[in-house]
Amino acid sequence: MTMEMILALGILVLMIVMIMSDKFAFGAPPLIACLLLVVTGLATVPEAFAGFVNSSVIMIAGFMVVMAALMKTHFIGKVQSAMIKLVNKGGYKSYVLLVIVVMLGASLAGAGSTGYYVLILSIVSAIPYNKKMPTSKLMLPLGFATNHPLLPINVALFYGITVSVLETAGFTGGLSMSKFAVVNLILALGFLVWALVAYRFLPDYPDTEEGNAGVKEAAATAEVSTMPAWKETATIAAFIIGVVGMMLMSVLGEIAYVIPGIAAAFLLIINVLDFKEVRDNMGAPVI
């Protein structure tokens, strides 16, 4: 192993430790790693920061905006209602259905969607302790479930990230969207098997913040979107167009990279999102 390899590995490990420590903003460790690559002479500035102008990253940035708009539709309210009903019912069967509901939601909301991940964990953390189905047994499985779509109908985001990483590494052989979707399906089924077994071993401990019970009960109620029906329809249509456009990348060529951005601009024009929301999501830490 050469000194360059050791330095690169050390920077990678440092970045992972910084992320896992949760003491830094999510986007900071990768930026620090890019700076260290330049300082140590492992990469030039254009090489270290090439990802910021990568076509796939531009595509993902636009798609993140579309995803933020999708979070405002009634789809999210339905996910909340389904989760709360299952938790109140309790039991192992309800747990299994709950995991499946979240995984199906990930199929539409998009695997790896920060908004969907935060939404699900926010709902779980707001649900009062229930002996029939302790929230302590839900947090880990449902958090992971947001990253495993049960139906591989929306793997565009991960596909774009994967293609971007491969291109940066110098691989230009192409990647089949259909094969990528099948691999994701196998991964999701593997996670589902783990979740079914893990429930028996995850801890059961009551919420010690008894004074917050009333607040949590109020927070656990499902939110209802106030968006007009035509805007919801337009948002869902923009989402579908964005996904289809990215799936047809091999046919459309360069145009496919900007279709999510065009869809995001459309949602801005019809005021589904304001400019600040668009800007914040295009600059999300995951980018």
Side-chain angles (χ1 to χ4, degrees), residues 19-20 22 26 64 67-68 70-155 157-158 161 183-209 212-213 215-225 239 284-286:
I19 292 174
M20 294 181 66
D22 202 28
F26 181 71
M64 291 291 289
M67 288 304 310
L70 188 68
M71 293 296 109
K72 292 188 172 187
T73 64
H74 274 90
F75 160 71
I76 299 305
K78 292 178 180 178
V79 171
Q80 290 175 312
S81 297
M83 288 182 63
I84 293 170
K85 288 179 181 177
L86 289 171
V87 170
N88 290 336
K89 183 178 180 181
Y92 184 71
K93 290 183 179 179
S94 294
Y95 166 77
V96 174
L97 288 174
L98 194 55
V99 173
I100 292 175
V101 166
V102 175
M103 293 179 72
L104 289 174
S107 303
L108 298 176
S113 168
T114 304
Y116 185 58
Y117 168 77
V118 172
L119 171 74
I120 296 301
L121 291 189
S122 297
I123 296 174
V124 174
S125 63
I127 297 174
Y129 176 79
N130 185 344
K131 185 65 178 178
K132 295 179 180 179
M133 189 186 295
T135 50
S136 57
K137 286 180 174 285
L138 298 178
M139 190 66 74
L140 186 66
L142 296 189
F144 284 140
T146 62
N147 210 35
H148 293 284
L150 193 57
L151 301 176
I153 60 176
N154 180 21
V155 294
L157 180 61
F158 270 3
I161 293 174
V183 170
N184 272 268
L185 175 60
I186 295 173
L187 183 63
L189 293 176
F191 163 76
L192 182 58
V193 172
W194 171 87
L196 297 180
V197 176
Y199 184 78
R200 305 294 185 184
F201 302 98
L202 290 170
D204 173 5
Y205 55 85
D207 184 0
T208 57
E209 300 178 12
N212 292 333
V215 176
K216 289 191 173 186
E217 286 178 6
T221 58
E223 297 178 2
V224 178
S225 171
F239 168 75
V286 70

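Bear in mind that the values here come from a model prediction, so they are computed numbers and not experimental data.
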Please give me the minimum heavy-atom distance between [X] and [Y], naming the atom from each residue.
| X | Y | answer |
| --- | --- | --- |
| Leu202 | Pro141 | CD1-CG, 3.4 Å |
| Pro203 | Ser136 | O-OG, 2.7 Å |
| Ala188 | Leu150 | CB-CA, 4.5 Å |

task: Inspect the surroundings of NZ in Lys89 and state if more than 12 heavy atoms from other residues, nucleotides or ligands are less than 6.0 Å away.
output: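 It does not: Lys89 NZ has 12 such atoms or fewer within range.
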- prompt: What distance separates Leu196 CG from Ile100 CD1, expressed to the nearest 0.5 Å?
  reply: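 It comes to 7.5 Å.
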task: Apply side-chain contact (heavy atoms from CB on, under 4.5 Å) to Met133 and Leu138, showing your working.
output: CA-CA 8 Å; Met133 189 186 295; Leu138 298 178; 3.7 Å; yes
query: Is a side-chain donor or acceptor of Tyr92 paired with a backbone partner of Arg200 at a separation under 3.5 angstrom?
result: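 Judged by distance alone, no pair lies under 3.5 Å.
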message: Checking Val99 against Phe191 for the side-chain contact (heavy atoms from CB on, under 4.5 Å) test, could you report, in this order, the C-alpha distance in whole Å, the side-chain angles of both residues, the deciding distance, and whether it holds?
response: CA-CA 10 Å; Val99 173; Phe191 163 76; 4.2 Å; yes
query: Is there a side-chain contact (heavy atoms from CB on, under 4.5 Å) between Thr73 and Leu70 once you walk through the steps?
result: CA-CA 6 Å; Thr73 64; Leu70 188 68; 4.2 Å; yes
- request: Using side chain to side chain contact (heavy atoms under 4.5 Å, CB included) as the criterion, point out the one residue from Leu140, Thr146, Leu142, Asn147 that pairs with Phe144.
  value: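 Going through Leu140, Thr146, Leu142, Asn147 one by one, the side chain to side chain contact (heavy atoms under 4.5 Å, CB included) with Phe144 is satisfied by Leu140 alone.
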